[in-house]
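Notes for the one structure printed next.
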Amino acid sequence: MLKILKYSFFDLIRSRWSIIYFFFYFVTGMVLLYLSNDVSKAVASLMNVTFILTPLIGTIFGVMNFYNSREFIELLLAQPVPRKNIFLGMFLGISTSLSLSLFLGMGLPFLIFGTFGSDQIMSLVFLLISGIFLTFIFTALAFYIALVNENRLKGFGLAILIWLFMAFIYDGVFLLLLIFLQEYPIEKFAIAMSLFNPVDLSRILIMLKLDISALMGYTGAVFNKFFGNNSGMLISIAALIIWSAVPVFLILKKSAKKDF
Amino acid sequence: MIEIKGIEKKFGSLEVLKGFDLSLSRGKITAVLGPNGSGKTTLIKSILGLVVPTVGEIRFQGQTIFNDWKYRKEVGYLPQIARFPENLKVKELFKLIEDIREAQGNPEGLIHSFGLEDFLNKKLRFLSGGTRQKVNLVLTFMFDCPLYILDEPTSGLDPIALIRLKDLIKEKKNKGITFLVTTHIMSLVEEISDELIFLLEGQVYFKGTYVEMLNAEKEENLERAIANILEKEHAKDS
Ligand SMILES: Nc1ncnc2c1ncn2[C@@H]1O[C@H](COP(=O)(O)OP(=O)(O)OP(=O)(O)O)[C@@H](O)[C@H]1O
Ligand SMILES: [Mg+2]
């Protein structure tokens with residue numbers, strides 16, 4: 001499996017898309033730090049970009065890479081390699097490669113500005129962790145969708161739809177529900193809703209870490225009230241781990257039965 | 001070497017293989033014949049584990065192949081349609097497969113006999129159809145295996161490459177290697193095959209030698225014998 005992982009990893013990391021992706025975070029991070037010179041503020045601004053962009057990039061690369069590797073997959077399937085190693089290796093290769101671009105692109109500006117000594121640097125670490133979680137989760141979802149749909153256009157459309165839903169629509173629907181159900185005790189419902197969206201979960205995680213109640217939003221506040229900061233963060237992380245595991249499990253299950 | 005029992009394969013509502021038994025004997029060249037879409041490739045892919053049969057059992061040297069992968073170390077497979085990562089160079093592809101198989105291959109002699117020296121540094125997507133097929137052949141034969149499964153090995157080859165391929169197959173056969181070959185080239189069947197399987201409508205319609213097939217259909221060449229069978233089936237259907 002390591003060989004396939006390595007091949008997929010280097011194939012992507014050498015491409016110009018990885019470099020563009022890296023520079024995007026690098027430049028954004030530099031500019032934000034230069035303008036504010038405040039770690040918390042920079043992290044809060046970066047967060048909004050990260051939570052839209054990492055799922056989108058994971059989605060696009062997950063789908064495209066799978067469809068573009070059809071040939072490679074067919075070649076590998078006839079070799080003495082277990083099926084699950086092929087799909088796991090490819091998925092891990094893409095997601096670690098994207099995560100590395102994110103990690104370096106976002107981490108380097110903070111290193112350059114010498115902000116690593118400050119106490120607030122942990123909020124950057126948390127942002128990196130949730131960005132990496134989102135990369136893995138959305139790459140896996142996209143990979144699974146591509147595996148199920150032979151039709152590229154349909155697969156691509158579906159994957160983008162999921163991203164749109166998680167990154168934008170979910171929040172709108174959520175907000176509407178909260179307004180309609182104002183009179184009822186809906187805090188538990190709100191918590192449950194958040195658990196079903198990895199983007200929300202990541203946002204809650206960072207808000208709790210930054211501990212800026214003005215930015216926490218309704219769900220962040222509910223999490224804070226119900227679990228307190230620390231257990232709230234633990235629960236978010238646990239939910240993100242489950243979110244990462246489920247699509248991988250689906251990929252393995254589907255790929256074991258598929259005809260090529 | 002290979003035992004197939006009651007193999008059935010459906011793609012949705014399309015029944016391609018309708019439950020038959022088949023065994024391949026060691027050291028023989030078996031040719032699988034049948035019209036387009038009769039399920040030859042599906043049968044081969046089932047043996048390789050690329051296609052999962054709906055029902056049935058496949059054994060390789062006595063062991064079931066389902067959920068196994070190690071047996072593929074002993075199978076050299078030539079796909080009907082060669083699919084490669086298109087941005088690789090030919091020699092990078094050879095290296096990659098050696099890496100993945102964790103085995104040292106011997107491509108040099110094959111590269112020479114198929115005249116691929118000048119293409120080693122070219123990217124796969126720039127190769128002509130026949131040249132791709134030669135690369136496909138080198139990739140298959142560069143590893144020593146007791147069994148080779150060749151799906152339409154001659155497609156796109158020029159006469160010289162064809163002669164080289166036949167010689168290669170005969171040479172391996174003399175060393176006791178087993179072959180399973182599909183082809184629409186009847187002269188190839190006549191020249192190299194020991195046994196012949198004719199697939200029709202998801203069943204094994206005929207199994208035997210070349211001469212037995214001619215005698216059964218009372219024809220003097222294979223093309224006519226096959227045309228005969230297809231016409232009879234056609235008459236039955238209508
Ligand atoms: N993955 C698949 N999904 C759906 N249908 C398939 C799939 N693979 C093959 N088929 C169908 O199964 C039937 C048998 O195909 P197969 O490729 O086995 O034929 P073949 O005997 O190899 O034909 P040819 O001589 O043209 O190579 C065809 O009707 C084909 O369309
Ligand atoms: Mg075929």
Side-chain angles (χ1 to χ4, degrees), chain A residues 1-19 61 64-94 97 146-152 154 251-260, chain B residues 9-12 14 16-17 41-42 44-54 60 65-88 92-103 105 124-125 132 135-136 139-140 143 145 148-149 151:
Chain A
M1 183 179 82
L2 239 70
K3 292 209 175 82
I4 297 166
L5 194 159
K6 234 172 62 191
Y7 177 84
S8 290
F9 177 84
F10 284 113
D11 195 44
L12 183 53
I13 206 88
R14 274 185 316 210
S15 79
R16 66 169 169 275
W17 295 112
S18 286
I19 296 168
F61 280 81
M64 298 292 268
N65 199 286
F66 181 86
Y67 287 134
N68 288 340
S69 305
R70 274 305 291 239
E71 290 85 11
F72 186 46
I73 293 172
E74 284 182 27
L75 188 64
L76 289 177
L77 283 166
Q79 307 302 328
V81 190
R83 263 193 189 203
K84 62 174 191 306
N85 290 13
I86 299 176
F87 293 96
L88 219 51
M90 284 182 57
F91 157 68
L92 291 175
I94 309 167
S97 169
L147 195 63
V148 174
N149 291 286
E150 291 283 330
N151 184 331
R152 290 174 184 223
K154 201 172 145 201
I251 290 171
L252 291 180
K253 210 170 149 219
K254 178 70 194 171
S255 65
K257 291 219 163 62
K258 195 174 156 72
D259 297 319
F260 286 90
Chain B
K9 180 63 194 176
K10 285 186 196 152
F11 291 113
L14 178 71
V16 178
L17 306 176
T41 300
T42 305
I44 282 178
K45 285 187 170 179
S46 308
I47 295 173
L48 278 150
L50 293 171
V51 160
V52 187
T54 318
F60 178 78
I65 63 153
F66 298 132
N67 299 317
D68 190 16
W69 53 273
K70 293 196 188 74
Y71 76 101
R72 285 199 286 266
K73 279 184 190 156
E74 298 174 55
V75 186
Y77 168 55
L78 181 92
Q80 179 170 15
I81 299 169
R83 310 256 266 150
F84 306 124
E86 299 287 312
N87 279 326
L88 285 187
E92 289 172 341
L93 177 67
F94 294 154
K95 190 87 204 65
L96 173 69
I97 295 299
E98 278 184 330
D99 226 31
I100 282 163
R101 283 188 90 109
E102 297 180 332
L124 283 148
R125 66 188 147 113
R132 284 175 78 92
V135 170
N136 203 9
L139 216 50
T140 309
F143 302 101
C145 300
Y148 290 96
I149 298 182
D151 201 348

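Since we're looking at a predicted model, the values are computed, not measured. The chains referred to below are lettered A, B, ... by the order of the sequence lines, with proteins before strands, and numbering in each begins at 1.
Using a 4.5 Å heavy-atom cutoff, the side chains of Y7(A) and L96(B) are in contact. Here the side chains of Q79(A) and K73(B) are not in contact, with every heavy-atom distance at 4.5 Å or above. Between P80(A) and R101(B), the closest side-chain pair of non-hydrogen atoms falls below 4.5 Å.
For the set D99(B), V51(B), L50(B), T42(B), the entry with the most heavy-atom pairs within less than 4.5 Å of chain A is L50(B). Between chain A and the options F11(B), Y77(B), Y71(B), F84(B), heavy-atom pairs under 4.5 Å are most frequent for F84(B).
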Does the pair N87(B) and D11(A) meet the rule for a side-chain contact (heavy atoms from CB on, under 4.5 Å), with working shown? CA-CA 10 Å; N87(B) 279 326; D11(A) 195 44; over 6 Å; no
Decide side-chain contact (heavy atoms from CB on, under 4.5 Å) for L75(A) and I100(B); before the verdict, give the C-alpha distance in whole Å, the side-chain angles of both, and the deciding distance to 0.1 Å. CA-CA 11 Å; L75(A) 188 64; I100(B) 282 163; over 6 Å; no
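With a 4.5 Å cut-off on non-hydrogen atoms, I149(B) does not touch chain A at all. At a 4.5 Å heavy-atom cutoff, I81(B) makes no contact with chain A through either its backbone or its side chain. Residue contact with chain B, scored on non-hydrogen atoms closer than 4.5 Å, involves the backbone of K257(A) exclusively. Only the side chain of L76(A) comes within contact range of chain B, judged by heavy atoms closer than 4.5 Å.
Surrounding CD1 of I19(A) are more than 12 heavy atoms belonging to other residues, nucleotides or ligands, all under 6.0 Å away. Residue N67(B) places its CG atom among 12 or fewer non-hydrogen atoms of other residues, nucleotides or ligands, all under 6.0 Å distant. When the shell of 6.0 Å around CH2 of W69(B) is examined, it contains more than 12 heavy atoms from other residues, nucleotides or ligands. For K84(A), the NZ atom sits in a loose shell: 12 or fewer heavy atoms of surrounding residues, nucleotides or ligands are nearer than 6.0 Å. For M64(A), the CE atom is loosely surrounded, since the number of other residues' heavy atoms within 6.0 Å does not exceed 12.
Here D259(A) pairs with K9(B) in a salt bridge; the nearest charged N to carboxylate O distance falls below 4.0 Å.
Checking side-chain atoms of R83(A) against main-chain N and O of G49(B) turns up a donor-acceptor pair under 3.5 Å.
Remark: F72(A) CZ to E86(B) CD distance equals 13.0 Å, nearest 0.5 Å.
Closest approach of A78(A) to R72(B), counting heavy atoms only: O-CD, 3.6 Å.
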